[in-house]
Structures are given as structure tokens and as C-alpha cells.
**Student:** 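First, the structure itself, so that you have it in front of you.
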Amino acid sequence: MSDAKDTTNKNGTAEAVPAPALSADEQMIQDGFNALLNDYLSSNHRRKVERITKAFNFANQAHAGVKRRSGEPYIMHPIAVAHIVCKEMGLGSTSICAALLHDVVEDTEYTVEDIRDMFGDKIAQIVDGLTKISGGIFGEQASAQAENFRKLLLTMSDDIRVILIKIADRLHNMRTLGSMLPAKQFKIAGETLYLYAPLAHRLGLFSIKTELEDLSFKYEHPQEYDFISGKLKETEEIRNQLFEHFAAPVNEKLKAMGLRYEMRARVKSVYSIWNKMENKGVAFEDIYDIYAVRIIFDPLPGVDEKNQCWDIYSAITDIYRIRPDRIRDWVSRPKANGYQALHLTVMGPDGQWVEIQIRSRRMDDIAEKGFAAHWKYKESNVEEDTELDKWLQTITEILESPNPNALDFLDTIKLNLFSSEIFVFTPKGDIKTLPQGATALDFAYALHSDIGNKCIGAKVNHRLVPLSHQLSSGDQVEVLTSRSQEPQPEWLNFVTTAKARAKIDATLKRARKEIARLGEMKVQEAFKRAEVEANPQNMDKLCMYFGFSRREDFFYSVEKGEVALPDNLRKLLRDKGSNILFKYVKQALNVAKKARKSEEPADTKPKEKPKYDPKKPYLLKEEAFERNYVIAECCKPIPGDESLGFINDDGTVVVHKRSCPIAMRLKSSFGERILNTVWSGRTSSSFEATLEVKGIDSIGVLNAITKTISEFNVNIIRLLIEAKDGMFEGKIKMKVHDVEDIQKMCVALSRIDNVKSVGRIAD
């Protein structure tokens, strides 16, 4: 874009005429693109500025005039995604061009062929992969969700850059989520926490994974996010002092060794702190590993990185006392996502445990930018069988026999995304990487599907163990098999890997179909003996008589001997259906009782499902002793809890806590049916809640607790207190009106002598 042009004045001399001034939007776009180019030029990639500029101009023209919900020009989104791809992932010109073009095919009249003609096969292939999985991983139909996620994973094996750009796209969407409606925010945040953050973790994108978690948490639990952020700010000065005390003698020692390094304190993320507070039931003040020290060194010429890690370890342990059970050697054996570092925990000078992470500059790059950083350090003409390739191979195996249930399928995949690894040896000394908690049966399936199917037990460190035995790092495992063994349904209860679960599921389904086929032959013979036509109508009558809605289930039960066919089928089927009608009436009555259907005349039309506006908060209220919502049994929210509504198949709004695991699955999979809910205020109704009280056992403490609770005029449903070794633990289930009741009660109970902790728990 030229800034000025030459012209001639009336005196015959040339003078410069300024180019037309750029509009505010045009200036914003140009500034954004210039920032992208500056970051690209400061990287160590080959200079292909013309190619990137061509992609930018093409995308800018294609998206011209289109605005985002926030009001800024749409092209700012592709520029931001390309910026993340370049600066935060360290990728090159091919990925930057694909990021700039990633929405062109979906949102404009241009096709993948147009991209191929202008930018070549590779960029077109990546843009095509991104277009196929556009619109989010999930559609509105459950079957489509699993299918779209399958597509996402399959494109990973074609070119890993597809998923890296997709994660960058999601990161920018999360950074600009504030302009969305609350219900949409819950959907996108839930989907991000459920799958995108684990994907980023698995690909080694630590800083991006952390930001995705924090942003999701910020929109799902704004009050908790603000509380923890505020606490971190309050305690920042104290942490800085602790770090300075710790670092002074270490700096002295490392400088004497002639090392070039940097040492800095890394603060735990807001989401990680909240997770720990929730899981361990502790307050912010009780979390001692809020910060860790990171030492990043530039390797000395001719000295092995691994040896230098251990040299630094030795120097630190000369100064501070080590905690032996907290050493993690990820240098000798990297994690499956490529992470390498040496972790140790020492007692600092101020009497606090301090975690230290020792990494080379290369290790730090890989830890922050993931597998993309491998390319920066990869030697030419060297083929690497990376852990990522092995993982992708496992995912592909799962895709070969996917679970038709979308939620189960996504859960199965997720098993392989977010897992700590253990390393297990075969009898010959080969290493297999498995998720923590994996069993002997998981190991058998990791070796081969046929070995898993025929597994009857294992020897762990030469000792015989059952299939359900949990393995530990360093175990040597020998699998025992038998030709007569077949997978059993109970095996699903003690496998943890996605591959094992998928293989067992597939085998059990095949076996069930074969049993059902034999049962069908028996039913056909019974029809033949009774000289009755075995048509679909007669088959369905017989199924209904025995209480089965599906023929396959009926045939299976016949073969298993769970259903005995009568000698005379003709008599049963000739009957005008009285027996069948009796069964139907009985079933209908049971259903009616369970559903608590309204007492309306049988001939009236069913009520239309209520309509909801997802753009407006849904007010949770009570009218004439009837609620316009149902409380979810899994998390039992009460007024004042951060909550959301899920529109059930029958149109009912089921209210969940936002932090409920079931709600997270629903947000990820049925985002269009999520409502932002608001409690109507203090209510006369009561809701169940459970408090956990812990403290020092002493005379009168139980009396003080019950007396304090009675002052709040609440109804205690159950009180259970146990004392052991001078300590007591109690659980009190009661009926309360709202969260305010609980908060006031917790404050009052915590003031009782010898009561050390009070908190609400899920019952």
C-alpha cells in the first residue's frame, strides 16, 4: 500500500501528494497485520513475507465489510489466530497462511480449489481440514457430535497443524468471549474445558492449556475467579520476598559454576488453585505450592543437557534439604506430550516446601509451545518416532470401532487426553507408556488386541495378579493368556485406557449379536412348529408379550434361557391381546406413577412444550407451591449457587451447578439447550445441603455444634459424627433456604472452640 504519489504543480516542479487517510477500521487491520509480520520476522523461520502478505490481502478482500459480534472487522479474528500460531506456537509461513485463510471457504463464496490454485496443495489441505470441523466440535445432534470429533482426530493424523490452528482459533474465541450471551458463554467455556484444554495438554501446549482453563473458569465461575485472583494479588509481595530469600544462595552457587541461566518464580494458575481447593476441601491459605521456581539454562558447549540438569540438582541439594518422594525425572524419560524437565522439592529458608523445575532452553520451548517446538530443534533428514505419533496411532485404533453413543465416545477419547503417565516394562525390557491407574488388562490390550481378548491374568514383578491389578511405574509385566478366554462385560469396570474399552465393547457387541442370532433361530423354529407365519407383526407381538421393546434383546434372552417360549405359540398369538394388553396397562401405570403426570382427560391433546429464549436469563421461581424447574440429583444446587438450566426432552428445565461434571458434559454436547438461570430470590421452600465439620475431639463440642445449627431454624435430616485418635469428623444433612443460610452457618460453626474446618460438600 503506497503512502503517497508524485504529481506536478503549476510551476512545473514535482511535489508529493499524501495518500487518502485510512479509516479507523483500515488502520486497525493494517496495525494488526504489521504486528503479525514483525513477530514472524523476529522468528527463526525462513522469510516468506510475500506469501503471508498475499494470504492476508486475499482474506481481507474475502471478509471485507463483515463485522464480529464485538463490532470489530471480521478479518481481525484470522489475524489474531495467525498471531497465536506464529508467536505462541512458533509455527511457520504455511501455518500462518492457513490461519489467515481458515474461515474463507466456510464464510465466503471461495472454494478449497480456489485456495489450492492460489496457495498450493499443502495450505489448501489444512484449510480443507479446518473447514470440515468448523462450527465447533459439536453440532446439535448427538450423533453429529461424535462424528465431528472423529473428523477432528482423523485430520490430526493427516497434518497436526490442523488441530494446532483449531486450538489457536478457540483460544482467540475464548479471549473475546465477553461479547457473547451468557448461555453461549457456558456452552463454549464448557466445551473448551471438556476437550480443547485436554487436547492442548496432550500436544504439550502448556501455556495455552493453562489460559484456556483460566478463561473457561472465569466465565463459568466469575465470583470464585475474582476471589482467587484478588488473593493472589494480596499475597504477591510475600511470595516475592520468599523467592528472594530462596534464590540468593542458589544464584551464588550457579554463577560460580559458570552457567548461563535465568531463575524465576511461576505462580500456579487460578483454575489449578480452585481445583485443588475443591478436590482437597481446603481454603486458599492452606495451599502451599502456589508458586514454583523454574531454572532455565543455556547448555555449556560439549556438555550433555541431562548431565547439566543433574549438576544443578546437586548444587541445590547442597544448600537445601530435599524431599525424596517428590523427585520427578522427566529428563531421562519424557512425558507422552514431549515434556522434559527435572522436578525436585526442597525445604526453603522460610520453612516452606518449594518445588523447583530444571530445564534447558530447548526443554522450556517444548514445554511451552509443545510439539511445534520440536521442529525448531529437529535435525535434517532424521525421522522421529515421536510419542505424538504413537498417541495418534492409538486414537486411530479407537476410531475404527467407535461407540455409537456420542457422550460415551467423547468420554472414551478424553480418557487418553488428560492422563498422567506410568512406564511399564515387558519381560524383554521394552517400555510401554500407560495412563496412571492402568491395570494389567490395559497393558495386555496395549500389547495387542488379541492378547487382551485372551488375557486370564498377569505376573507383575514375577508375582501372580488378577486382571484388575493396578500397575505402577517400573513394574515388569508378563501377560498370561488362554485360547478359551473371551472378553467379559465386567472387564469394562477395570480398564482405564480408551483402546481397551473400545476393543472390549466391540467384541461384546459382536458376541451379543451372535447369541441373538442363535436365539432368533430358536424363535423361528417355534413359529414353524406352531404353523404360524413368522412375520414382523407376530414377532413384535411376541416381543411385547415378554416385555421387550427390541427384537435383538428378546432373541438374546431366549438363547440365554432367560425367556421360556410356550409350547403353543398359536394360542398365545390368537388371543385377542388380553395378556399383552394387561402387560401394557401395568407398564403404563408404572410409567405414570414415576412421571407424576398431570391428571388431565385421556382424550385431550398433549400440552405443547414450553418455549425458551436463550438470549434472556431464565428466572427460577415458585408459583402456588410448584416450581418452574427441577433440581438435578447429581449436584443438588440451592438458591444462590452458580447454576445453569438444561432443557430436557420433555421441555422441563433441569437446574445443575455450573461446576457439576454432568453439566460440563451437557454444555459440551448440547450447547443449544443450555439456559442462563437466575434465582428469583429468597424462597419459602427448603433445599437439601450437607456440611462437613472437622476438629479436635473434646467434651461439649457436639452440643455446641447442634445448638449453633438450631439457632438458624433449619431442619436437620441426618447427623453423623465420628471421633478417632483425638479428632472428629462430622456430616450434617439439613434443609436450608439458600446459600446465604449455609454461609452464615459456616461462619458461626467455625467460631466454636476446637472446630478447625467447616464446608459444604456434595452428598
Side-chain angles (χ1 to χ4, degrees), residues 142-143 146-147 150 394-409 411-413 415 439-458 466-468 479-567 569 572-573:
S143 59
E147 189 53 43
R150 234 171 258 144
T394 306
I395 293 293
T396 308
E397 286 177 15
I398 297 164
L399 296 172
E400 287 170 6
S401 52
N403 192 318
N405 181 300
L407 290 177
D408 288 348
F409 170 71
D411 280 347
T412 301
I413 290 292
L415 286 173
T439 60
L441 188 56
D442 285 311
F443 179 77
Y445 275 102
L447 294 175
H448 197 280
S449 302
D450 291 341
I451 295 174
N453 288 339
K454 300 297 177 187
C455 182
I456 55 170
L467 299 178
S468 57
V479 177
L480 307 176
T481 59
S482 166
R483 287 183 189 176
S484 60
Q485 179 68 299
E486 294 294 337
Q488 304 300 314
E490 60 268 21
W491 284 14
L492 292 169
N493 298 329
F494 47 78
V495 290
T496 60
T497 58
K499 178 182 177 180
R501 185 172 291 277
K503 292 295 179 187
I504 294 167
D505 256 337
T507 309
L508 289 175
K509 279 172 189 164
R510 280 197 301 272
R512 187 179 177 87
K513 278 188 177 177
E514 179 57 26
I515 292 169
R517 190 182 65 79
L518 297 172
E520 185 178 7
M521 288 168 64
K522 283 187 178 176
V523 175
Q524 296 274 11
E525 286 169 13
F527 272 103
K528 201 173 181 180
R529 283 196 305 272
E531 297 179 352
V532 176
E533 186 185 351
N535 58 30
Q537 291 81 6
N538 284 336
M539 283 284 189
D540 287 341
K541 271 188 183 180
L542 200 58
C543 287
M544 289 175 189
Y545 176 78
F546 286 104
F548 290 92
S549 57
R550 292 174 68 245
R551 286 186 214 164
E552 189 178 309
D553 294 338
F554 172 57
F555 298 148
Y556 179 84
S557 294
V558 168
E559 178 59 25
K560 281 288 190 181
E562 294 164 3
V563 168
L565 293 172
D567 294 330
L569 277 182
L572 186 148
L573 294 167

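Only this structure's heavy atoms are used, side chains among them; waters, hydrogens and symmetry mates stay out.
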**Student:** Mind checking what makes side chain to side chain contact (heavy atoms under 4.5 Å, CB included) contact with E486, not counting sequence neighbours?
**Tutor:**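 Listed in chain order: K454, Q488.
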**Student:** Closest heavy-atom contact between W491 and G452?
**Tutor:**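 Looking at all heavy atoms of both residues, the shortest contact is CZ3-O, 3.4 Å.
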**Student:** Does D553 form a side chain to side chain contact (heavy atoms under 4.5 Å, CB included) with R512? I'd like the steps, not just the answer.
**Tutor:** CA-CA 9 Å; D553 294 338; R512 187 179 177 87; 3.1 Å; yes
**Student:** How many angstroms lie between CG in L441 and CG in N493, if you round to the nearest 0.5 Å?
**Tutor:**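 The distance works out to 11.5 Å.
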**Student:** Run the side chain to side chain contact (heavy atoms under 4.5 Å, CB included) check on M539 and V523 step by step: do they pass?
**Tutor:** CA-CA 9 Å; M539 283 284 189; V523 175; 3.9 Å; yes
**Student:** Drop me the distance from E552's CD to C543's SG, to the nearest 0.5 angstrom.
**Tutor:**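 SG of C543 is found 11.0 Å from CD of E552.
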**Student:** Applying side chain to side chain donor-acceptor pair (under 3.5 Å) as the test, list every pair that has at least one member in residues 513-522; sequence neighbours left out.
**Tutor:**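 Residue pairs passing side chain to side chain donor-acceptor pair (under 3.5 Å), neighbours aside: E514-R517, K522-E559.
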**Student:** Return the minimal non-hydrogen interatomic distance between L467 and G457, and the atom names on each side.
**Tutor:**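 Between these two residues, the closest heavy atoms are CD2-N, 3.4 Å.
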**Student:** Quick check: does any side chain N or O of T439 sit under 3.5 Å from a backbone N or O of F494, one acting as donor and the other as acceptor?
**Tutor:**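 Here the side-chain-to-backbone pair exists.
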**Student:** Any salt bridge between D442 and R501, counting N to O under 4.0 Å?
**Tutor:**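 Salt bridge absent between D442 and R501.
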**Student:** Which atoms form the tightest heavy-atom contact between V558 and G519, and what is the distance?
**Tutor:**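 Result for this residue pair: CG1-O, 4.1 Å.
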**Student:** Would you name the heavy atoms of I451 and T481 that are closest together and state the gap between them?
**Tutor:**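 So the minimum-distance heavy-atom pair works out to O-CG2, 3.9 Å.
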**Student:** Considering residues at least two apart in sequence or located in another chain, which fulfil the side chain to side chain contact (heavy atoms under 4.5 Å, CB included) criterion with A446?
**Tutor:**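 In terms of side chain to side chain contact (heavy atoms under 4.5 Å, CB included), with neighbours along the sequence ignored, A446 is linked to L434.
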**Student:** Restricting to non-hydrogen atoms, name the atom on A516 and the atom on F555 that form the minimum distance, rounded to 0.1 Å.
**Tutor:**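 Here A516 and F555 meet closest at O-CB, 3.2 Å.
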**Student:** Quick one: pull up SG in C455 and NE2 in H448 and give me the separation to the nearest 0.5 Å.
**Tutor:**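 Answer for the SG-NE2 pair, C455 versus H448, is 14.5 Å.
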**Student:** Walk me through it: do L492 and L508 pass the test side chain to side chain contact (heavy atoms under 4.5 Å, CB included)?
**Tutor:** CA-CA 10 Å; L492 292 169; L508 289 175; 4.1 Å; yes
**Student:** Which heavy atom in K503 sits nearest to a heavy atom in S449, and how many Å separate them?
**Tutor:**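 K503 and S449 have their closest heavy atoms at CE-OG, 3.2 Å.
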